[in-house]
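The next block holds one structure in the form of structure tokens; read it before the comments.
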Amino acid sequence: MSDSDTQNATDALRTPIVAVLGHVDHGKTSLLDKIRGSAVSEGEAGAITQHIGATAVPLETVSTMAGSLVDPDDFDLPGLLFIDTPGHHSFTTLRSRGGALADIAILVVDVNDGFQPQTEEAIDILKRTGTPFVVAANKIDTTPGWNPQDGAPIQQTYEAQSQRARSMLDERLYEIIGQLSDSGFSADLYWRVQNFQKNVGVVPLSALTSEGIPDLLAVLMGLSQRYMKDEMAIDVSGPGAGTVLEVKDEKGFGATLDVVLYDGVIRAGDQIVVGGTNEPIVTEVRALLQPRPNAEIRTEKRFDKVEQVGAAAGVKIAAPDLDDAMAGAPVRVVRDRPLDDVVEEVRKELAQISVETEEDGVVVKADTLGSLEAMANALKEAEIPILRAEVGDIAPRDVAVASTAGEDVHQVILGFNVEVLPDARRELEESDVKLFSNDVIYQLVQDYDEYVEEIQRAQQETVLDKIVRPARFQILADHTFRQSNPAVVGVEIMSGTVKNNQRVVKWEGDSPTRVGELSGIQEQGEDVSEARAGKRVSIAIDGPTVGRQIEEGDELWIELPEKHAKILEQELSTEIPADELEALQAYLDKHRRRDPFWGK
Ligand code: GDP
């Protein structure tokens, strides 16, 4: 049995679950490593317990690490459980509805870098889920002129700094406090915060020198004890409830689940219900696995089998039929309850995060249920319809589905934090389906929006190129250069664009009469292919004779085929210049006097 088993078997208060979020490279991994490493180097046996996907730091160790900042007698929570699966797991650990897994979060922000896209995303999730958090303002040791005080609490390290270094750091910290305020959080340096429910505490620290880490632990412990004690009270022997962090193939076990258990207990042999791609999966726990302490890399056995695990803990579950299980999905132990009720409970929780799909739209793939939900929210906000949304890597089937999308701009796969399987890559190359892939949601949405705009612009340009454009022009007095074959006259273009090779009409009463076809345009003696409103040019018209079909002073129009007039009015009216639109409107008005539905 591991420490956590014995601990939880007797303790009715569980450890709060802590998630670490932040932009890439801001120091999440370093911070977790440091907390684990310093705990271990404090030298006590059982200083930490390594779980699957998590590290448990007992109160005693927290207290040793935090020194005078944490007196163990002030606390009755058993310690802290840090979720330490690396990568972009904020969407799994913090879900907007259903089971938000983490009780509290550390948002890591590099003091040199401030808020970055993934910081903003993490903030959005924290806001939506109402998860309490502290900000670790990391890398304070990079302040110019810094005098490092390894492992010291922040006040002590502050006192050892020059005035200059201190004010440089303060400047950076206030920038972060300002950015938090812009995001709607009232924040301050943690020692100035009275009420952590109303204000976000900022802890300056360094994951390199450990300065400020005692403070971070003290704040986390204090916050949990003060505001979360009630939520930490669990029925230690009740049926276990948890969330899948990852679905992983393990040699000898097939597909296994890395789960963080936040309630009750799970035992080998328990019947469990797990959220799957299609239906909830009902199966039986074959083995519960914990990492082997000090496992050698080459050893065959990387795990120890345990009989039971109590919340809060990370554990690997081996069971049949887990291939369709989804990261982010709920896991429930059935024990002493009707199976149908538990299945229904899991189905309900999944339904809350199921994504609205439409007849036409894009294909979305994401690494976890939580990130899929976040993607769906972002796409809905951007009014991008979804044809299908699933958890998992991009497979050939996704390419096939995307290629059935009706509109060209929907023949797209948006992949968040997923791989492209080799077969799918081949199919992508052979199809018209376009792939966008990123691990920042807003970037994905922006890239896609830009792509759509580009396509639409290109489409409109080709349409505009092929379409006849409206124009109105008038034959000038004393500007007949040739009577006929072709008639050559000077004109002033009143509105629109006159182009060569187009038909010319003249209105007589309510009916248009075709007078001929434009066969040449000259501007100041030079041949041109078109002329815009305001210009005076001479034009050649095949067909009419000046003095018969046309006269000096006549107003002439380029003839618009009805279909073209319709496209111009309905789809391109914002793309054409104002004078051309005016010519179009006047032309339509003339037609509609005879036939109100012309061009509709
Ligand atoms: P993650 O992507 O958020 O997990 O960031 P990492 O923990 O991998 O850190 C990114 C880089 O920043 C690494 O090169 C770390 O060594 C460095 N780093 C992290 N924390 C600190 C710190 O407090 N001070 C300094 N100087 N470097 C740090």
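Both backbone and side-chain heavy atoms feed into the values below; hydrogens, waters and symmetry mates do not. In listed order, ligands and their atoms are each counted from 1. Everything numeric in this text was worked out from a predicted model, so none of it was measured.
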Considering heavy atoms of the protein only, find what lies nearest to [atom] and give residue, atom and distance to 0.1 Å.
{"atom": "atom 20 (N) of ligand 1", "value": "Asn138 ND2, 3.1 Å"}
{"atom": "atom 21 (C) of ligand 1", "value": "Lys139 CG, 3.5 Å"}
{"atom": "atom 7 (O) of ligand 1", "value": "Ser30 OG, 2.5 Å"}
{"atom": "atom 23 (O) of ligand 1", "value": "Ala207 N, 2.8 Å"}
{"atom": "atom 4 (O) of ligand 1", "value": "Thr29 OG1, 2.4 Å"}

Q. Under 4.0 Å from atom 25 (C) of ligand 1, is there any protein heavy atom?
A. yes

Which of the ligand 1 atoms, numbered from 1, are nearer than 4.0 Å to a heavy atom of [X]:
{"X": "His23", "answer": "3 (O)"}
{"X": "Thr142", "answer": "26 (N)"}
{"X": "Lys28", "answer": "1 (P), 2 (O), 3 (O), 4 (O), 5 (O), 7 (O)"}

Q) If you measure from each non-hydrogen atom of His26 to ligand 1, which part falls under 4.0 Å: side chain, backbone, both or neither? A) backbone

Q. Where does Asp141 meet ligand 1, judged by heavy-atom distances below 4.0 Å: at the side chain, the backbone, both, or neither?
A. side chain

Does ligand 1 come near enough to [X] that some N or O of the ligand is less than 3.5 Å from an N or O of the residue?
{"X": "Gly27", "value": "yes"}
{"X": "Asp25", "value": "yes"}
{"X": "Ile140", "value": "no"}

State, without any angle test, whether [X] and [Y] hold a side-chain donor-acceptor pair at a distance under 3.5 Å.
{"X": "Tyr158", "Y": "Asp170", "result": "yes"}
{"X": "Gln225", "Y": "Asp76", "result": "yes"}
{"X": "Lys248", "Y": "Thr256", "result": "no"}
{"X": "His26", "Y": "Asp113", "result": "yes"}

Q) Hey, is Glu390 close enough to Arg397 for a salt bridge, meaning N to O under 4.0 Å? A) yes

Q. Taking NZ, NE, NH1 and NH2 as the nitrogens, is one of them in Asp103 or Arg14 under 4.0 Å from a carboxylate oxygen of the other?
A. yes

Q: May I ask you to establish whether Lys434 and Phe436 are in a cation-pi arrangement, using a distance under 6.0 Å from NZ or CZ to the six-membered ring centre and at most 45° from the ring axis?
A: yes

